[in-house]
Amino acid sequence: MSASRSVTKLTLGIDEAGRGPILGQMVLAAVVLDSRSASALSRAGLADSKSYGSGKKAKLTRAKLAEAVIEKALFVAIEVVQVHVIDRRVMRSELNLLEREVADRLISSAPAVHRIVADGERLFKPLQEKHAHLEAYNDGESKHASVAAASVVAKTRRDELFALMQGRYRQEFGHFDGGGYVNAT
């Protein structure tokens, strides 16, 4: 009699940070988790990066969770889209297309997975033509921990980049908060 082996299900999550601000880059992340890692990260408090807030404590919480994601994930990829690229594509009304192109590159660089979950139903649904096992949801972070993990990793990287920008321009413009968002506190 052969021993039965449980198959480990791998899920790739895709999310971004910095799609709507007036300052700074957009960061997309892809994270592959198996079920055990997804459960462990969820128990550790992993959620949508926005759920932690925008203050210093929120940034520290996200940074610690990002470290845990990187430690437990089978794959993590990050792509930073520079402002000049965003501006050029926005001028041609191609921001959604740009984001799909970056997501497609991240998916193509990842190992084979059973499921791909992306945050943004209308935005990512067109990728189903190329990736049949892709599921696109609004609030994708609530559908799988891999999307929440991608959200946290992307936002943490964007926070790091924004801090560098603050340091570079502090003497000229003074301190500015909010991560580049107009409505941030």
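In this structure, the side-chain hydrogen bond (donor to acceptor under 3.5 Å, both in side chains) partners of Tyr137, at least two apart in sequence or on a different chain, are Glu135.
Contact of the Glu101 side chain with the Arg105 side chain is registered, since non-hydrogen atoms from C-beta on lie closer than 4.5 Å.
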Legend entry - Test side chain to side chain contact (heavy atoms under 4.5 Å, CB included) applied to Lys155 and Lys50, step by step: CA-CA 9 Å; Lys155 179 65 174 147; Lys50 292 182 280 305; over 6 Å; no
Legend entry - Candidate pair Asp119 and Glu141, rule side chain to side chain contact (heavy atoms under 4.5 Å, CB included), full reasoning: CA-CA 7 Å; Asp119 183 43; Glu141 303 88 349; 3.2 Å; yes
Inset, instruction - Show your reasoning for whether side chain to side chain contact (heavy atoms under 4.5 Å, CB included) applies to Lys72 and Arg36. - result: CA-CA 9 Å; Lys72 293 188 177 303; Arg36 179 174 286 154; over 6 Å; no
Legend entry - Derivation of the side chain to side chain contact (heavy atoms under 4.5 Å, CB included) call for Leu65 and Glu67: CA-CA 5 Å; Leu65 285 167; Glu67 287 177 15; over 6 Å; no
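Rounded to the nearest 0.5 Å, atoms OG1 (Thr156) and CD1 (Ile70) are 8.0 Å apart.
Between Asp34 and Lys9 there is no salt bridge, since none of the side-chain N atoms of the basic residue sits less than 4.0 Å from a carboxylate O of the acidic one. Between Arg157 and Glu160, at least one side-chain nitrogen of the basic residue sits less than 4.0 Å from a carboxylate oxygen of the acidic one, meeting the salt-bridge criterion.
Arg122 CZ: 12 or fewer foreign heavy atoms inside a 6.0 Å radius.
Taking a 4.5 Å side-chain heavy-atom cut-off between Ile, Leu, Val, Met, Phe, Trp and Tyr, the cluster of Val81 extends to Leu10, Leu12, Ile14, Met26, Leu28, Val32, Leu74, Phe75, Val85, Ile86, Val90, Leu95, Leu98, Val102, Leu106, Ile107, Val113, Ile116, Leu123, Phe124, Leu127, Leu134.
Screening Glu99, Glu94, His84 for a side chain to side chain donor-acceptor pair (under 3.5 Å) involving Arg89 leaves a single residue, Glu94.
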